[in-house]
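Some notes on the structure that comes next.
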Protein chains: 2
Amino acid sequence: MNIGEASSATGVSAKMIRYYESIGLIRAPLRTGSNYRVYGDDEVHVLRFVKRARTLGFSVDETATLLGLWQDKSRASGEVKDIAIGHIAALETKIAELQGMVKTLKHLAHCCGGDKRPDCPILDDLAGEGPITNRYRDD
Amino acid sequence: MNIGEASSATGVSAKMIRYYESIGLIRAPLRTGSNYRVYGDDEVHVLRFVKRARTLGFSVDETATLLGLWQDKSRASGEVKDIAIGHIAALETKIAELQGMVKTLKHLAHCCGGDKRPDCPILDDLAGEGPITNRYRDD
DNA sequence: CTTGACCTTCCCATGATGGGAAGGTCTATA
DNA sequence: TATAGACCTTCCCATCATGGGAAGGTCAAG
């Protein structure tokens with residue numbers, strides 16, 4: 001398989017496949033006489049693993065660790081679980097942060113007439129001047 | 001006020017104040033004879049506005065637009081509301097995405113013994129081989 | 001006058017990805 | 001067989017918002 005075929009087989013762009021190779025996340029594959037990269041089932045399998053881990057929001061570093069654990073027959077599954085649990089916590093922190101933003105913005109948008117009048121509680125809040133809104137400020 | 005004083009008065013790092021100036025988000029302030037930037041109440045006000053908008057997750061571009069609307073006395077507040085609503089939608093999309101990841105990961109972690117046995121449903125799922133977990137795959 | 005805490009500009013790095021140029025290769029068709 | 005066009009290769013640059021650090025100037029306190 002060409003890099004293009006490996007790409008469409010895995011959903012990882014050719015650009016990213018080369019990048020993953022350059023940073024050592026995946027091994028350099030064999031080359032044809034004309035210097036084309038050649039991928040087989042094993043490589044495609046690894047790329048799918050990487051793709052899935054990235055889709056789940058693992059960083060490339062975490063993906064590298066998971067990949068190592070995957071290929072290590074003597075691994076302890078507790079180690080993997082720990083990474084997953086840590087990742088869940090990080091995701092939940094991020095979610096809470098975004099939800100805080102949404103809450104504040106919804107409140108502001110609700111208080112904002114949205115018509116042609118220049119008075120705008122959203123801008124007032126951003127400016128730190130809002131006498132109207134019970135602002136959810138964090139300062 | 002020095003850039004350092006403006007920084008601690010607003011929570012925006014000196015680095016970022018200079019950066020915001022360089023990209024035209026904020027205006028270049030006056031300088032002392034020895035080329036130090038000098039900030040007054042107006043500038044601090046603008047920086048606080050920027051800080052708040054960034055904290056709420058608006059991009060620098062969106063912040064620039066909001067800043068323009070803030071300083072435009074003839075603005076329509078509907079325009080601001082539209083930006084806020086659009087931003088809320090983007091945040092909610094992101095939240096849903098992260099929640100999907102959390103859901104899948106929690107399911108996997110729950111199914112993972114986390115002990116010393118090498119069998120690990122998390123890795124099996126990442127590898128696309130899991131016969132155990134009812135995977136929440138999107139492919 | 002020295003010391004240390006500021007300030008200035010300039011360049012580089014991050015993380016993950018895409019864009020694009022310049023040049024080589026392969027395949028189908030005219 | 002020649003050519004077109006769809007691949008491949010490497011290399012450099014851009015993104016977005018932020019921080020690090022070097023090299024050099026300035027200011028205030030001791």
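By convention in this document, chain letters (A, B, ...) are assigned in the order of the sequence lines, proteins followed by strands, and residues within each chain are numbered from 1. Computation of the quantities below employed the complete heavy-atom set of this structure, encompassing side-chain atoms and omitting hydrogens, waters and symmetry-equivalent molecules. As the structure is a prediction and not an experimental result, all values here were calculated from the model.
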What pairs of nitrogen or oxygen atoms, one from the protein and one from nucleotides 12-16 of chain D, lie under 3.5 Å apart?
none

Yes or no on side-chain contact (heavy atoms from CB on, under 4.5 Å) for A/W70 and A/V80, after CA distance, side-chain angles and deciding distance? CA-CA 9 Å; A/W70 179 44; A/V80 179; over 6 Å; no
Would you compute the distance between atom CG of A/L56 and atom CG of B/L105 and round it to the nearest 0.5 angstrom? 5.0 Å
Distance (rounded to the nearest 0.5 Å) between B/F58 CZ and B/L67 CG: 12.5 Å
Donor-acceptor pair, side chain of A/E62 and main chain of A/S59, under 3.5 angstrom: yes
Shortest non-hydrogen contact between A/A6 and A/L47, atoms and distance: CB-CD1, 4.4 Å
Quick check: do B/D61 and B/T65 have side-chain heavy atoms less than 4.5 Å from each other? no
Between B/T10 and B/K51, is any pair of side-chain heavy atoms under 4.5 Å apart? no
Indicate yes or no: at least one non-hydrogen side-chain atom of A/I95 is less than 4.5 angstrom from one of B/Q99. yes
Verify the contact: side-chain N or O of B/R31 to OP1 or OP2 of C/dT9, cut-off strictly under 4.0 Å; return yes or no. yes
Residues that A/Y39 engages under ring pair (Phe, Tyr, Trp, His ring centres under 6.0 Å), provided they are two or more places apart: none
Within the sub-3.5 Å range, which N or O atoms of nucleotides 1-4 of chain D have a protein N or O partner, and how far apart are they?
none

Just N and O in the side chain of A/R37: are any of them under 4.0 Å from OP1 or OP2 of D/dC8? no
Gap between atoms CZ and P, on A/R18 and C/dG18 respectively (whole Å): 12 Å
Taking N or O atoms only and anything under 3.5 Å, show me the protein contacts with nucleotides 26-30 of chain D, one pair per line.
residue	atom	partner	partner atom	Å
D/dT26	O4'	B/Y36	OH	3.2
D/dC27	OP1	B/S34	OG	2.8

May I ask you to list the residues of residues 90-98 of chain A, by number, that have any heavy atom positioned under 4.0 Å from an atom of DNA chain C? none
Starting at OG1 of A/T63, measure out to CZ of A/R52 and round the result to the nearest 0.5 Å. 12.0 Å
Close side-chain approach of B/V102 and A/E92, heavy atoms under 4.5 Å: yes
Spell out, yes or no, whether B/Y36 and B/I26 are grouped together once hydrophobic residues are joined by side-chain heavy atoms under 4.5 Å, including indirect joins. no
Whole-Å distance, A/I23 CD1 to C/dT17 C1', equals 11 Å
Figure out the CD1/P separation between A/I17 and C/dA16, and round it to whole Å. 17 Å
Is there a donor-acceptor pair under 3.5 Å between the side chain of A/R48 and the backbone N or O of A/A9? yes
Is it true that B/I85 and B/I83 fall in one hydrophobic cluster, defined by side-chain heavy atoms closer than 4.5 Å? no
A/N2 side chain near A/R37 side chain, heavy-atom distance below 4.5 Å: no
Below 4.0 angstrom, which residues in residues 1-12 of chain B have at least one non-hydrogen atom near DNA chain C? B/N2, B/I3, B/G4
Can you tell me how far C1' of D/dG19 sits from OH of B/Y20, to the nearest Å? 13 Å
Cluster question for you: counting only ILVMFWY and a side-chain heavy-atom cut-off of under 4.5 Å, with indirect links fine, are B/V44 and B/L30 together? no
